[in-house]
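Because the structure is predicted, anything quoted here is derived from the model rather than measured. Throughout, protein chains are lettered first and strands after them, A, B, ... in sequence-line order, and every chain is numbered starting at 1.
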Amino acid sequence: MTQQNIATPEHIEYVLRMGDNALILGQRLSEWCGHAPVLEEDMALANTALDLIGQARLLLTHAGKLEGQGRDEDQLAFLRVERDYRNVTLTELPNEDFGRTVVRNFLFAAFQVLLYQRLATSSDAELAAIAAKSLKEARYHLSHAGEWVIRLGDGTELSHARAQAALDYLWPYTAEFFAANPADDAVAAAGIGPAWASLEPEWEALVVPVLNEATLTVPARTPFRTYGKFGRHSEHMGHLLATMQYMQRTYPGAQW
Amino acid sequence: MYTQALDIPQPKGEPKGPRVVENADYQAEFDAKIDAGGFIEAKDWMPEAYRKTLVRQISQHAHSEIVGMLPEGNWITRAPSLKRKAILLAKVQDEGGHGLYLYAAAETLGVSRDELYEALLDGRAKYSSIFNYPTLTWADIGVIGWLVDGAAIMNQIPLCKCSYGPYSRAMVRICKEESFHQRQGYDLLLQMMKGTPEQREMVQDAVNRWWWPSIMMFGPHDKDSQHSETSMRWGIKRISNDDLRQKFVDATVKQAEVLGITLPDPDLKWNEARGHYDFGAIDWEEFWSTVNGHGQCNVDRIAARRKAWEEGAWVREAALEHARKQAAREKVAA
């Protein structure tokens with residue numbers, strides 16, 4: 001029996017969620033192209049976006065195969081309604097300034113690194129292979145964004161204030177990474193991947209020392225919660241999709 | 001990507017750099033090296049005018065690369081498939097890389113990247129005026145790859161043998177990547193031409209808008225070209241503007257036939273006697289008007305680069321300040 005026939009809805013959703021995270025953050029970062037503070041960062045942000053779009057292609061293709069309804073990466077990327085996207089809300093937030101952009105990249109890449117590491121032993125061999133390839137990229141994103149978090153936090157008074165403001169704004173959204181999700185329990189039980197909630201202690205252990213080195217104050221957890229991974233997004237998501245889906249919606253069925 | 005022929009006069013106040021002492025013995029040695037087809041390296045003596053010409057040309061080329069990121073960047077977020085989005089992101093990233101090599105090549109001539117960049121932002125330095133045209137549809141991305149990168153390659157291949165070593169080496173690498181971009185652009189168009197009537201119309205419309213600006217990229221006719229003769233003498237320019245333009249037209253007509261589009265020039269026809277295609281008169285008024293700041297996007301392009309630079313100032317200052325603090329801490333620790 002092939003894997004396509006035995007994929008559970010939870011398994012499909014799990015892969016889709018990872019694909020959507022990469023897709024939506026990749027889409028956001030690509031908005032920077034040509035507008036970064038220095039040429040090197042223009043290239044680095046474009047490169048990060050490119051890596052994420054590459055990951056999204058692999059993950060969405062895989063999700064489409066698991067689903068077995070003939071949807072390819074583009075049908076999944078461009079032709080779903082907002083409610084069906086499973087990315088965490090953090091990834092869809094506007095870039096704002098360079099400070100918020102690198103703090104987000106840092107918080108997100110740390111999560112991706114841990115997830116991709118754990119997926120090395122996934123019972124889904126294709127997912128394990130995608131994770132192994134993507135882990136190298138996520139590690140680079142983490143190190144690059146982490147260096148900038150430190151530069152900004154430990155830079156001038158202004159950059160410190162902006163980095164702290166970015167962290168204060170973004171930190172509450174990271175609670176969503178670890179929010180309990182019944183689908184994750186089924187996926188973890190099947191040995192496909194870790195329940196995201198289980199990654200929280202390691203994630204904090206990875207990000208907090210860097211934030212400390214950046215002389216930034218780690219915000220306390222608040223009751224603020226978001227639900228993008230369950231399909232309830234922020235006000236920003238519809239605008240992002242309107243731009244991203246524009247061509248596919250305007251010219252239905254055309255091949256590009 | 002895109003060097004325009006280097007005949008665009010630079011307004012006053014271009015970056016100066018070190019003054020070179022003129023010396024007859026050095027001059028003779030320089031001339032002999034040029035005549036023998038050798039390379040001039042950064043540490044070699046060179047005439048002041050040669051250095052200035054190179055600074056102008058290399059920095060115009062570098063500026064063109066990074067201003068060129070904007071019209072194409074306009075379509076990254078709306079690319080119609082993930083594959084095309086990835087290809088376009090990679091392409092625009094390559095252009096940033098070309099900008100970096102070229103600024104580095106210019107820096108070997110005693111000017112700094114920041115100094116050159118400021119000249120761009122305050123309007124003293126030029127960049128290829130092709131980027132002052134807007135990218136209105138997705139087909140523009142393919143046509144830029146095919147025609148604009150195609151014209152750029154024609155201009156740039158001779159520069160791989162340019163007499164200035166650092167420039168010539170940068171161009172070897174850039175040309176390889178440009179050829180790849182051109183093939184990708186053409187492939188994008190082939191795919192669209194196999195598609196719906198709307199897609200084919202979109203390609204034809206884009207070709208209609210980009211054809212003449214593309215052939216203007218080779219610069220003024222040889223008889224009107226200000227710098228060409230000296231640049232030829234110095235081995236900075238190897239083939240004249242008109243010869244390059246003819247070569248481009250000859251190569252492109254066949255590619256247009258394969259695509260199934262019409263080039264918007266009723267005078268375009270094969271001339272058996274010349275062994276080349278004849279083509280219609282170029283509207284130089286439009287060319288100079290765009291070069292001189294009156295194209296649709298001149299103001300917006302520079303405003304976008306200036307905004308990025310100004311809004312990024314706090315980030316650059318933070319990086320410098322952190323480096324200073326780190327150095328001070330290391331000194332205390334030592």
Side-chain angles (χ1 to χ4, degrees), chain A residues 23 26-47 49-50 53-54 56-57 60-61 72-74 76-78 97-99 102 147-148 150-160 162-163 214 240 243-248 250-251 253-256, chain B residues 62 65-90 92-97 99-100 103 113 117 137-138 188 191-192 194-196 198-199 202 304-305 307-309 311-326:
Chain A
L23 172 68
Q27 173 74 7
R28 272 295 181 225
L29 288 178
S30 68
E31 293 170 12
W32 268 105
C33 198
H35 306 285
V38 280
L39 191 47
E40 285 80 352
E41 290 314 303
D42 246 330
M43 294 172 66
L45 290 172
N47 192 44
L50 184 57
I53 296 297
R57 295 184 67 193
L60 294 178
T61 298
D72 64 13
E73 60 182 46
D74 288 332
L76 286 169
F78 297 104
D97 64 1
F98 185 77
V102 294
E147 283 167 17
W148 271 108
I150 293 169
R151 278 188 204 111
L152 298 182
D154 183 49
T156 62
E157 241 174 79
L158 176 64
S159 72
H160 177 86
R162 289 193 174 176
L240 179 147
T243 302
M244 189 173 79
Q245 296 182 339
Y246 162 64
M247 291 294 287
Q248 287 277 347
T250 311
Y251 303 98
Q255 298 297 308
W256 304 95
Chain B
E65 297 283 355
I66 59 164
V67 174
M69 294 169 83
L70 297 170
E72 294 185 296
N74 182 36
W75 278 92
I76 294 174
T77 57
R78 291 178 292 168
S81 72
L82 292 184
K83 177 183 148 189
R84 296 291 175 197
K85 193 189 287 287
I87 289 173
L88 183 56
L89 263 169
V92 179
Q93 195 194 355
D94 282 348
E95 281 151 20
L100 273 183
Y103 283 124
R113 197 215 298 186
Y117 198 62
T137 71
W138 174 250
L188 184 161
Q191 175 73 41
M192 283 182 74
K194 280 189 243 160
T196 64
E198 277 172 311
Q199 286 177 297
M202 208 190 284
R305 294 286 5 171
K307 183 168 182 276
W309 188 245
E311 289 181 358
W314 70 277
V315 173
R316 298 189 300 275
E317 281 156 21
L320 289 172
E321 182 58 22
H322 171 67
R324 275 193 287 269
K325 286 182 181 175
Q326 279 289 75

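Taking chain A as the reference chain and counting heavy-atom pairs below 4.5 Å, the highest number among B/A304, B/G96, B/A90, B/G97 is found for B/G96. Interface remark: of the candidates B/K194, B/Q326, B/K83, B/R324, B/K83 forms the most heavy-atom pairs closer than 4.5 Å to chain A. In terms of non-hydrogen atom pairs under 4.5 Å with chain B, the most contact-rich of A/H35, A/R28, A/E157 is A/H35. For chain B, the option among A/H160, A/R162, A/E147 with the highest count of heavy-atom pairs below 4.5 Å is A/R162. Each of A/V38, A/D74, A/T156, A/D154 has some count of heavy-atom pairs under 4.5 Å with chain B, and the biggest count is that of A/D154. When B/A318, B/A319, B/G195 are compared by the number of non-hydrogen pairs under 4.5 Å with chain A, B/A318 comes out ahead.
Using a 4.0 Å cut-off between a side-chain N of Lys or Arg and a carboxylate O of Asp or Glu, B/R113 and A/E40 qualify as a salt bridge.
Heavy-atom distances place no part of B/Y117 under 4.5 Å from chain A, backbone and side chain included. Proximity to chain B is limited to the side chain of A/L23, based on heavy atoms less than 4.5 angstrom apart. With a 4.5 Å cut-off on non-hydrogen atoms, A/W148 touches chain B through its side chain but not through its backbone. Heavy atoms closer than 4.5 Å to chain B are found in the backbone of A/A36, but not in its side chain. Interface residue A/N47: backbone and side-chain heavy atoms are both found under 4.5 Å from chain B. Both the backbone and the side chain of A/L50 come within contact range of chain B, each with at least one heavy atom under 4.5 Å from a heavy atom of that chain. For a residue to count as touching a neighbouring chain, one of its non-hydrogen atoms must lie under 4.5 Å from one of that chain's; by this rule B/A323 does not touch chain A. Only the side chain of A/L60 comes within less than 4.5 Å of a heavy atom in chain B; its backbone stays farther off. Using a 4.5 Å cut-off between heavy atoms, A/E73 contacts chain B through both its backbone and its side chain.
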Would you check, one step at a time, whether the test side chain to side chain contact (heavy atoms under 4.5 Å, CB included) holds for A/M43 with B/L100? CA-CA 10 Å; A/M43 294 172 66; B/L100 273 183; 3.5 Å; yes
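Residues B/R84 and A/W256 come closest through the heavy atom pair NE-O, 2.6 Å. In terms of heavy-atom proximity, A/L39 sits nearest to B/G99 at CD2-C, 4.1 Å. Heavy-atom minimum distance, A/G155 versus B/K325: O-NZ, 2.8 Å. Taking every heavy atom of both residues into account, A/F78 and B/S81 meet most closely at CE1-CA, 3.5 Å. The two atoms that bring A/G34 and B/L70 nearest to each other are O-CD2, 3.8 Å, heavy atoms only. Between B/R316 and A/P37, the closest heavy-atom pair is NH1-O, 2.9 Å.
Formation of a donor-acceptor pair under 3.5 Å by the B/Q199 side chain with backbone atoms of A/Q255 is found in this model. A donor-acceptor pair under 3.5 Å links the side-chain atoms of A/Q27 to the main chain of B/T77, judged by distance alone. Side chain of B/R78 to backbone of A/Y246: no donor-acceptor contact under 3.5 angstrom is found. With hydrogens and angles disregarded, no donor-acceptor distance shorter than 3.5 Å links the side chain of B/K85 to the backbone of A/I53.
Rounding to the nearest 0.5 Å gives a distance of 6.0 Å between OG of A/S30 and CD1 of B/I76. To the nearest 0.5 Å, atoms CE (B/M202) and OH (A/Y251) are separated by 3.5 Å.
Taking the side chain as every heavy atom from C-beta outward, A/L152 and B/H322 never approach each other to under 4.5 Å. The shortest distance between side-chain heavy atoms of A/E41 and B/V315 does not fall below 4.5 Å.
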